[in-house]
Protein chains: 2
Amino acid sequence: MRGNLFAVAVNLVVLTVRRHRLHVLLIERGEQPFLGSWALPGGFVLPDEDLTDTASRRLAEETGADTGQAVVGYLEQLASYAAPDRDPRGRVLSVGYLALLPDLPDPTPGGDAVASAWRPVDEVGELAFDHERILAEGVERARSKLEYTTLAASFCSAEFTVTDLRRVYEAVWRTSLDPRNFQRKVTSTEGFLVPTSTLVTGGRGRPPRLFRRGPATALHPPMLR
Amino acid sequence: MRGNLFAVAVNLVVLTVRRHRLHVLLIERGEQPFLGSWALPGGFVLPDEDLTDTASRRLAEETGADTGQAVVGYLEQLASYAAPDRDPRGRVLSVGYLALLPDLPDPTPGGDAVASAWRPVDEVGELAFDHERILAEGVERARSKLEYTTLAASFCSAEFTVTDLRRVYEAVWRTSLDPRNFQRKVTSTEGFLVPTSTLVTGGRGRPPRLFRRGPATALHPPMLR
DNA sequence: CCAAAAGTGTTTTACGTACACCCATGC
DNA sequence: GCATGGGTGTACGTAAAACACTTTTGG
């Protein structure tokens, strides 16, 4: 078998919406190379793991979230990066993964990290390796997938209001959407939202209804930014 | 550095439209494993290559096409596959690539292949490794990208008629489109098609005009199947 | 002339946009 | 009552779908 050998790692673009802004989970590296730099969480693929196994394991280690048969949350592969000089230790291929999660408590670092934190995606500075590029592609993928899938609900907890969902779109797209047209659009899309009988009291104004995710995954016609 | 080591290969889903049908380039393997089976063309990533380098090199070896600064044709990464048992020789990660080319002459096999051929995608039987899955994802990616990009033109030679372009859509989507609405749609999308002054004579009926690709890459609003 | 294929115009219908309006709660 | 946010109704414009029609060639 020809060809030289690579170490294979997975790196995660873990996104959530906190306080109406899109945030990404970053870790502070506790090892060389890039000791002390911020980076995407990730890790090497173990001998009997498939790529998705590594990604879910590392995601669970960093956040406690279990996306195995996820009721909330979402995990998908992005792309692979293998420039010859991307890691000073030698040839490392990294497979990017995109994870969408509801707003969780502050993380407790796992793996080789000394610290980890949710950071607004538009305030992320320099990252280790080629992680800025992976992050950019992850954010772009999330933005476009909101248009034609029901993935925005992956950013919400199991029950949520239409306004919660609209805030997700507004945070990810950095736009504002007409609340009235948005309401009609999402409630009239078959299988997107399943109404519950619960109303949320305690806030100002008319109490909103809680919804759960429906079975639909695609959005025809798409939501427009 | 922890983690075990992988061989890294690239496999290509090379698509073209021949005789109004979508075809894929397959090779007949001349080595173990899967000796004699049909497979996607591909090869291992060499020591100083990035993934795209390997993909373009192997594509050129199999077809003669140069997608480096492609006037015609297109090349993009699909996804990576690394199930522990996907290759009996050991751990091999394969990065799938999608290539779209205009109709070319029959290929001359390169690499480890003993034969290669264009096969209609809906007549492809069993393939080596997990290549059926890679092919399916490549075809699906091509189908959806035709909706919201101008990539259909990558299946055409440098100059082509509106009908040539419509035949591409019809072959990839296996639908029929209204020629009149299609005409208006593509000619009115800014930057999709640049008219030339040449008319194609010799056929039956009114001679069609030749067009070149314009600078547009996205299609707003999208083409609908 | 007729057939065939390219290309234009017109009508209908669906849906996005904008915005007026009503509903149900806290204070 | 009044402010606030949830939710509904309605008019308008843009564009897709369907299809009649004109244009330009070959036989």
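Here is the naming used below: chain letters follow the sequence lines, and residue numbers restart at 1 for every chain. Heavy-atom basis, side chains included; hydrogens, waters and symmetry copies ignored.
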**Student:** Between B:Asp50 and A:Arg86, does a salt bridge (Lys or Arg N to Asp or Glu O under 4.0 Å) hold up when you go through it step by step?
**Tutor:** CA-CA 10 Å; B:Asp50 198 348; A:Arg86 67 176 293 280; over 6 Å; no

**Student:** Parallel under 30°, tilted from 30 to 60°, perpendicular over 60°: which one fits the rings of A:Tyr169 and A:Trp173?
**Tutor:**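 Rings of A:Tyr169 and A:Trp173: perpendicular, over 60°.
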
**Student:** Answer whether the closest heavy-atom distance between the side chains of B:His23 and B:Val17 falls below 4.5 Å.
**Tutor:** no

**Student:** For the residue pair B:Ala142 and B:Leu15, what are the closest heavy atoms and their distance?
**Tutor:** CB-CD1, 3.8 Å

**Student:** If the threshold is 4.0 Å, N to carboxylate O, is there a salt bridge linking B:Glu123 and B:Arg21?
**Tutor:**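 The answer is yes: the pair qualifies as a salt bridge.
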
**Student:** Nearest to the side chain of B:Val162, heavy atoms from C-beta on, is which of C:dT25, C:dG7, C:dA4?
**Tutor:**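 Of the options given, the side chain of B:Val162 lies nearest C:dG7.
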
**Student:** Indicate, with a heavy-atom threshold strictly under 4.0 Å, whether A:Gly203 touches base, sugar-phosphate, or nothing.
**Tutor:** sugar-phosphate

**Student:** Mind checking A:Thr163 for me? I need base, sugar-phosphate or nothing, with any heavy atom below 4.0 Å counting as a touch.
**Tutor:**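 Answer is sugar-phosphate: A:Thr163 comes under 4.0 Å of backbone atoms only.
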
**Student:** A:Arg204 or A:Thr187: which one's nearest nucleotide on DNA chain D is closer to the 5' end?
**Tutor:** A:Arg204

**Student:** Restricting to side-chain hydrogen bond (donor to acceptor under 3.5 Å, both in side chains), what partner residues turn up for B:Thr52, sequence neighbours left out?
**Tutor:** B:Tyr97

**Student:** For residues 217-225 of chain B, run the donor-acceptor check on the side chains, cut-off 3.5 Å, and write out each pair with its distance to 0.1 Å, sequence neighbours left out.
**Tutor:**
| unit_1 | atom_1 | unit_2 | atom_2 | d |
| --- | --- | --- | --- | --- |
| B:Arg225 | NE | B:Glu147 | OE2 | 2.6 |
| B:Arg225 | NH2 | B:Glu147 | OE2 | 3.0 |

**Student:** Which residue pairs pass the side chain to side chain donor-acceptor pair (under 3.5 Å) test when at least one of the two sits in residues 198-209 of chain B, sequence neighbours left out?
**Tutor:**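 Checked against side chain to side chain donor-acceptor pair (under 3.5 Å) - neighbours excluded - the pairs reaching residues 198-209 of chain B are B:Thr196-B:Thr198.
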
**Student:** Atom pairs, N/O to N/O, protein against nucleotides 12-14 of chain C, distance under 3.5 Å?
**Tutor:**
none

**Student:** Distance under 4.0 Å to a non-hydrogen atom of chain B counts as contact; along DNA chain D, which nucleotides mark the start and end?
**Tutor:** D:dA16 to D:dG26

**Student:** Donor-acceptor pair, B:Thr16 side chain versus B:Asp103 backbone, under 3.5 Å?
**Tutor:** yes

**Student:** Strictly under 4.0 angstrom, non-hydrogen atoms only: write out the protein contact profile of nucleotides 16-22 of chain C, one letter per nucleotide from the 5' end, B, S or -.
**Tutor:** SBBBBB-

**Student:** Just so I know, are the side chains of A:Pro208 and A:Thr163 near enough to count as touching, which here means a heavy-atom distance under 4.5 Å?
**Tutor:** no

